[in-house]
Number of protein chains: 2
Amino acid sequence: MKYSELKQSLKNHKLRITDCRMDVLAYFKEMQRALSFKDLEDKFQEYDRVTLYRTLHSFEENGLLHKIPGDSGSAVYGLCNDCDVESHHHNHMHFKCTSCGTTECIDVPVEIPALSLPKNYKMTDMDVIVNGVCNTCNSN
Amino acid sequence: MKYSELKQSLKNHKLRITDCRMDVLAYFKEMQRALSFKDLEDKFQEYDRVTLYRTLHSFEENGLLHKIPGDSGSAVYGLCNDCDVESHHHNHMHFKCTSCGTTECIDVPVEIPALSLPKNYKMTDMDVIVNGVCNTCNSN
DNA sequence: CCTTAGCTGTTATTTAGTTGCATTTACCCT
DNA sequence: AGGGTAAATGCAACTAAATAACAGCTAAGG
């Protein structure tokens, strides 16, 4: 991904251009899968832990990343497609591979079914996590 | 819930009968919602933190509880309906209230749709977390 | 009873995430 | 351009969450 595009992406989300943010964003774009804090910490030893935490938070806050629910303890983040500072909408699925542990965003829209929720419950949105075995692991 | 029933429930899942396990299980049955480690720690100050952790793990391992994915950092557990040591199957939904933060198991089966997963991906199961406002919070 | 596998409490350690503060930097405005 | 300012960074200390090691105790089966 081109430098100028990354820069524009940060600007679009009202974020200042800094080395750390550029590198982290580029890494997300490159990897095309959900990354944990640990992934970043391993990759970017030149940046302070705290800075990486703050980078993740600012990205999440400004609609560049979304936090993906996971029972694994530490949080995992994935790139948003068309979110901005005002509106977050993540109507896609997440696929978690039980073999290699990686999480990916799958471009299958979550169609909200006519849920028969108990009386007086109101749904705003929905997280769907599909567990299984991914492409790469299936091939081995 | 009767003492003898709780006891039988533990036995059915091949777990020894201990004070801690009886109390924790009773609490889950009584509350009828998902509980976090912190909930237990607050409730049962007579038991050591480590023991409570171990109780949760053993319950999970033996099919008495299932871990519910959540982005909130610490894990949340809900009672299983018909699981045992061998087979876990959690085809029900989870409802997380954005207002009070509690998570409940909703007895609506997750009907696995004809997902068009990317090629060579294989699904084993699915977690569905419905976010919204619950009964009690809606009434206030 | 008595034995023993397995549960418990204690302490210590690892891992995850946050806070405060001094310094530096991006970027807006003439 | 270049200067002022709000924001980002690095560092250090701190809180919280989870796990590990080990010695003593107890449930359950004979």
Side-chain angles (χ1 to χ4, degrees), chain A residues 3-4 6-27 34-65 67-77 85 101 103, chain B residues 3-4 6-27 34-65 67-77 85 101 103:
Chain A
Y3 180 79
S4 58
L6 292 173
K7 225 162 112 173
Q8 194 54 50
S9 192
L10 287 177
K11 277 191 183 167
N12 289 343
H13 290 83
K14 311 209 190 303
L15 287 164
R16 290 192 162 186
I17 317 298
T18 69
D19 292 354
C20 182
R21 287 177 181 170
M22 289 291 285
D23 286 343
V24 169
L25 182 54
Y27 193 45
L35 300 172
S36 65
F37 169 76
K38 188 138 193 347
D39 289 329
L40 297 186
E41 194 182 21
D42 291 344
K43 173 78 180 176
F44 299 110
Q45 306 192 355
E46 66 264 41
Y47 299 118
D48 193 84
R49 294 163 18 85
V50 181
T51 302
L52 292 174
Y53 273 117
R54 283 190 280 227
T55 301
L56 283 175
H57 289 156
S58 65
F59 280 14
E60 192 191 2
E61 194 125 312
N62 292 29
L64 216 46
L65 291 179
K67 205 185 248 184
I68 302 172
D71 51 0
S72 42
S74 70
V76 169
Y77 297 83
V85 184
T103 302
Chain B
Y3 180 79
S4 59
L6 291 173
K7 225 162 113 173
Q8 194 54 50
S9 192
L10 287 177
K11 276 190 184 169
N12 289 344
H13 291 82
K14 310 208 190 304
L15 287 163
R16 287 192 164 187
I17 317 298
T18 70
D19 292 355
C20 182
R21 287 177 180 171
M22 289 290 285
D23 286 342
V24 169
L25 181 55
Y27 192 46
L35 301 172
S36 66
F37 170 76
K38 188 140 193 347
D39 289 329
L40 296 186
E41 193 181 21
D42 291 344
K43 172 78 180 176
F44 299 110
Q45 307 192 355
E46 66 264 40
Y47 299 117
D48 193 85
R49 295 164 23 82
V50 181
T51 302
L52 292 174
Y53 273 117
R54 283 190 283 227
T55 301
L56 284 174
H57 288 156
S58 66
F59 280 14
E60 191 191 3
E61 194 123 312
N62 291 30
L64 214 47
L65 292 179
K67 205 184 248 182
I68 302 172
D71 52 359
S72 41
S74 70
V76 170
Y77 296 82
V85 184
T103 302

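In what follows, chains carry the letters A, B, and so on, assigned in the order in which the sequence lines appear, proteins first and then strands, with residues in each chain numbered from 1.
- The salt bridge (charged side-chain N to carboxylate O under 4.0 Å, His left out) check on A:Arg49 picks up A:Glu41, with sequence neighbours excluded.
- The distance between atom CZ of A:Phe44 and atom C1' of D:dT9, rounded to the nearest whole Å, is 16 Å.
- Residues A:Leu65 and A:Leu56 are in side-chain contact: their nearest non-hydrogen atoms beyond the backbone lie under 4.5 Å apart.
- With rounding to the nearest 0.5 Å, the separation of CG in B:Leu10 from CD in B:Gln8 is 9.5 Å.
- Of the possible polar contacts, none joining the A:Asn62 side chain to the A:Leu64 backbone as a donor-acceptor pair under 3.5 Å is found.
- Not counting sequence neighbours, the partners of B:Lys38 by the salt bridge (charged side-chain N to carboxylate O under 4.0 Å, His left out) test are B:Asp42.
- The nearest whole Å value for the distance from the CD atom in A:Glu61 to the C1' atom in D:dA8 is 14 Å.
- With rounding to whole Å, B:Phe37 atom CZ is found 7 Å from D:dA18 atom P.
- Atoms OH and CG, on B:Tyr77 and B:Asp39 in that order, are 12.0 Å from each other to the nearest 0.5 Å.
- If you measure from atom CG of B:Leu40 to atom P of D:dA17, you get 13 Å, rounded to the nearest angstrom.
- When rounded to the nearest whole Å, the span between NE2 of A:His13 and C1' of C:dA26 equals 19 Å.
- Rounded to whole angstrom, the span from the OH atom of B:Tyr53 across to the P atom of C:dT15 amounts to 15 Å.
- As rounded to whole Å, 13 Å separates atom P of C:dA16 from atom OH of A:Tyr77.
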ask   = Nucleotide by nucleotide, 5' to 3', does protein get under 4.0 Å of the base (B), only the sugar-phosphate (S), or neither (-) in nucleotides 1-13 of chain C, counting heavy atoms?
value = ----BSSBBBB--

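- For A:His57 and C:dG17, the shortest distance from a side-chain N or O to OP1 or OP2 is not below 4.0 Å.
- D:dA8 atom C1' lies 15 Å from atom CG of A:Leu56, rounded to whole Å.
- Atom CD of B:Glu61 sits about 9.0 Å away from atom NE2 of B:His57, to the nearest 0.5 Å.
- Comparing the local axis fitted to the first five base pairs of the helix from C:dC1-D:dG30 to C:dT30-D:dA1 with the one fitted to its last five gives a bend of 40°, rounded to 10°.
- Under the rule for a salt bridge (charged side-chain N to carboxylate O under 4.0 Å, His left out), B:Lys43 has no partner lying at least two apart in sequence or in another chain.
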Ignoring hydrogens and angles, write down the donor-acceptor pairs under 3.5 Å from the side chains of residues 15-27 of chain B, residues two or more places apart or on other chains.
unit_1	atom_1	unit_2	atom_2	d
B:Thr18	OG1	B:Arg21	N	3.3
B:Arg21	NH1	B:Arg16	O	3.2
B:Asp23	OD2	B:Tyr47	OH	2.7

